[in-house]
Structure formats: C-alpha cells, structure tokens
There are 2 protein chains.
Amino acid sequence: MLIIPTKTFFNLAMKKQERIIAAAVDEFSQRRFEEAKLSNIIKASIIPRGSFYQYFQNKKDLYLYVFKIIKSKKLEYLKDLLTNEQEIPFLDLFKLLYAQGIKFSIDHPEYVEIFRLFISGKGQLYRELMGDGLKLTHQHYVTYIEIDKEKGFIRPEIDSNILANLVINLTTNIAIEEFSSEEINYDELLKKIDSLINIFKKGVE
Amino acid sequence: MLIIPTKTFFNLAMKKQERIIAAAVDEFSQRRFEEAKLSNIIKASIIPRGSFYQYFQNKKDLYLYVFKIIKSKKLEYLKDLLTNEQEIPFLDLFKLLYAQGIKFSIDHPEYVEIFRLFISGKGQLYRELMGDGLKLTHQHYVTYIEIDKEKGFIRPEIDSNILANLVINLTTNIAIEEFSSEEINYDELLKKIDSLINIFKKGVE
DNA sequence: ACCTCCTATGACGACCTTGTCACTTATAGA
DNA sequence: TCTATAAGTGACAAGGTCGTCATAGGAGGT
C-alpha cells in the first residue's frame, strides 16, 4: 500500500501542493471516491488536467495520499492513548479515545466527512485500505476487556466480543451522527460521553 | 412521494414484472442508486431499453418502487410489535424488534443490502425518502423510555435521548455488520441479542 | 380486411468522465 | 547565449451513462 505522489509533486511550491490537497479534501468530503470528480479538483486548484497526471498517477493515487494525511493527523490525537501505558480500565480508556475522536472531529470536520464516506462505502477501496485493521482493533479491545474482567472491573458473564463490537460501532458511527452537523460545545459533549459510558457501566435498570 | 410505475407495467405478465423487479433488486443490492446501472437491469431482465421507459419514468422511479416493496415487506415483520399494545418495557420491546429485524435480514439479505447502501449513502435520496422518519422513530423511542422511567424500569438519571440514539444505531448498523455475511444460526443470534440487551440492562461493572 | 390501441425495439443523441499525448514554456547551469 | 531538464497545457480519444424517438409488431373488435 505504498503511496507515491510523483517526485514532481513534491518539487512544487508548497502553496501549490497545498492548493491541490485542499481541493482534493474538499471534493472527497462531498463525494465518495467513486463519485468524486477529478474535474472539480482540477478546476478548484486551478491546474491543467495534464499537470495533474504529472503529480499523481490517477485519482486513486490522490485519494490514497489524502487518506494517508488524514490518518497521520488522527494518529496524533490518539497516540498517547493507544499504548495505554497506565493500564486504564477499558471503558475509561474508551471514554478518552472517544473524547479525542470528537476533538478531532471538531478540528477537522472535512477529514471526518471523508472518513465517513469512506466507511459507509464498504466498497473495494474499503477492503483494500482497512484490510484487517478493524479486526485488529476488535482483537485489541477484546484483550483489554478480558484484562478488566480479571481485575474485576467488568463482570465475567459479559460477552467480550459483543462489547467490543458495540464500542467499535460507537466510535465509527455515533460520534459522527451525533456530533458532526450541529453547532458543537465540547464540554457538553464530554457530559454526553459520560452519560453514554455510564449506561454501559451501570446499566439502565 | 407517490410512486407510479406506468399502467403498462402492471399490464405486463406477472412473470415479466417479477423478472424486472428481481433484476432491479439484484443491481440495487450491489450498487447504491447513483452507481447502479440501468443497463445491467435491462440486460438481466432481458427487456429492450425502450421498453423499460414504458414501464417506469426513469431509474429513480424504479428505485422508489423497489424501495416501497421492501418497506412493506419489512413492515409485515414488525407490525405486531410497533403498536406495543401490551406495553412491553422498552428494552424488551427493542429486543423483539431487533430479533424480528434479524429474521428479516436472514429471509431477505438482498433487501437488507439495498437498505444498507441506501442508509450509508446519506445523499439527496436519503433525505428525500427518510425525511424525518428517523427523527420520528427517535421521538417514539424516547416516549417509551420516559414511560419506563415512570414505571421504574429505567433509572431516571439515564439520558433518554442518548439511549434512544444508541438503540437506533444498533438496529441500523450492528444488526447488519454482525449478522449479514457469515453463516447464521437464528437461535445463537437470539442468545447474542440477549447478551447485548443485558449489557444495557445491568451494565458491565 | 381494416382500424385502433397497446407493447416492443434498439440505434442514437447528448452528456460526462478519466487518462493520454504531442507540444510549449520556464528554469538553471555552463 | 546555448542546452538540458523539469513543468505546463488543453484538445482529444475511449468508454460509459441515461433517456428519446421513430418505427415495427400484435391482439381484438367491427
């Protein structure tokens, strides 16, 4: 999955590179990959069609590059948590991850939109890029959950797989549904998350 | 949102009508509306291009008709529950709805696939067809939850909106993720649902 | 046999997309 | 100033889409 914009692309003036990427982000956040129009990107970044093909092999190449940028930006938000050095209980760790995810959404709504379109596509690209990524995350979570069970933080009857699924589903779906469109207040969001996590912790009854 | 295949369509021999719908279901379950190709449907149902436009105004018309069929079939599975005459507690009602939803998924995987593509599209069509449908469901659920709170089935501190969201998210997403691809055992599924509902009821701690 | 109404048919126009290619311009070093 | 290398350029081919239209076919009534 090597992503190679041409050497030519990197030789370009920074402003030009940025203009192209910005145009691509704009287009890809409005239309999923298959429907996104290179013509729009070209128009918006004011480069001739021919030039584009000197920077990237094709539309997909550009998409992958944009995706790579997004991925690394998101990682910056999560990297401290992902190691879980302090062995935080699973649900608390999840709360933090969730909160960081939301922070990311607020800072970069277009990126989130691209990701949302990507996720919901479930097309060939999805399988290509995500591969077993989600399965790994799932396994990861299951491990944390099992550890929590041993420590007595989580009841042993709970099905680890189902809980992990639930939680993954939350991050990929609810976060977006709930928080992307309307005007957003970070502190209020944190309260919502608390509320949500509490449902999981104590149950509703 | 009137859907009108032509009178001509209904005059057609039943077999022919079914052939066309089957081809449409097949195509629309593989590609979302925008990407679905009329050419494929025409090829698969072995009718000339010109004929198609005597049965339906256009691609969208056909899609709407297919969608209408799916909707009514799904309603058959849920109709007894939706009235909630016996005033079943919310989470138990939800369990039943969920189970019926899964039964539907098993019986009509192609329909589910069409619906999944539709949901994930979030395009213009989505807004047109769903309108405030989901918001109504949400409000519906919130009402049930509040009733349960009064009855003491649900703790009053629980945020009704968040719980309703969570539950809606489950029906539209997890059911599909979890249960569509692999070989399926209905009884085992029911156990899984129980397990899931129990997380909500009792919490994980 | 004729006339009317409904259905069948596929070539075609209009449109749009991606990627190519032959050609031009600019830059930088000798 | 000359030359080599890099970047700029847009018309165009190839391929695909949807929806139309002019014409053909068939069934039934008079």
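Letters go in sequence order (proteins before strands), and every chain restarts at 1. Just so it is clear, the structure is predicted and the values come from calculations on it, not from any experiment.
No salt bridge links A:Lys192 with B:Asp159; every basic N to acidic carboxylate O contact stays at or beyond 4.0 Å. Ion pairing between a basic and an acidic side chain is recognised when a charged N comes within 4.0 Å of a carboxylate O; A:Lys73 and A:Glu76 show no such pairing. A salt bridge is defined here as a Lys NZ or Arg NE, NH1 or NH2 lying under 4.0 Å from an Asp or Glu carboxylate O, and B:Asp92 with B:Lys201 meets this definition. Remark: A:Glu35 engages A:Arg32 in a salt bridge, criterion side-chain N to carboxylate O under 4.0 Å.
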Readout for nucleotides 18-26 of chain C: B = base within 4.0 Å of protein heavy atom, S = sugar-phosphate only, - = neither; 5' to 3' it is BBBB-----

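The aromatic rings of B:Tyr65 and B:Phe10 sit perpendicular to each other, their planes meeting at more than 60°, with 30° as the lower class boundary. The aromatic rings of A:Tyr144 and A:His140 sit tilted relative to each other, their planes meeting at an angle between 30° and 60°.
Within residues 11-21 of chain A, the residues that place at least one heavy atom under 4.0 Å from DNA chain D are, in residue-number order, A:Asn11, A:Lys16.
Distance B:Gln54 CD to C:dC6 P: 11 Å, rounded to the nearest Å. For B:Asn40 and D:dG16, the CG to P distance is 12 Å, given to the nearest whole Å. Atom P of nucleotide C:dC6 and atom CZ of B:Phe9 are separated by 18 Å, given to the nearest angstrom. One interatomic measurement links the two molecules: CZ of B:Phe33 to P of D:dT17, which rounds to 15 Å at whole-angstrom precision. Atom CD1 of A:Ile42 and atom C1' of D:dA11 are 14 Å apart (whole Å). In this structure, the CZ atom of A:Arg31 is 13 Å from the P atom of C:dC16, given to the nearest Å.
B:Ser29 contributes a side-chain N or O that, together with a main-chain N or O of B:Val25, makes up a donor-acceptor pair within less than 3.5 Å. In this structure, A:Lys37 contributes its side chain and A:Glu27 its backbone to no donor-acceptor pair below 3.5 Å.
Residue-level contact check: B:Tyr55 touches the backbone only, with heavy atoms under 4.0 Å from sugar-phosphate atoms and none from bases.
No side-chain N or O of B:Thr8 forms a donor-acceptor pair with one of B:Gln54 less than 3.5 Å apart.
Each of B:Lys7 and B:Ile47 has a nearest nucleotide on DNA chain C; the 5'-most of these lies closest to B:Lys7.
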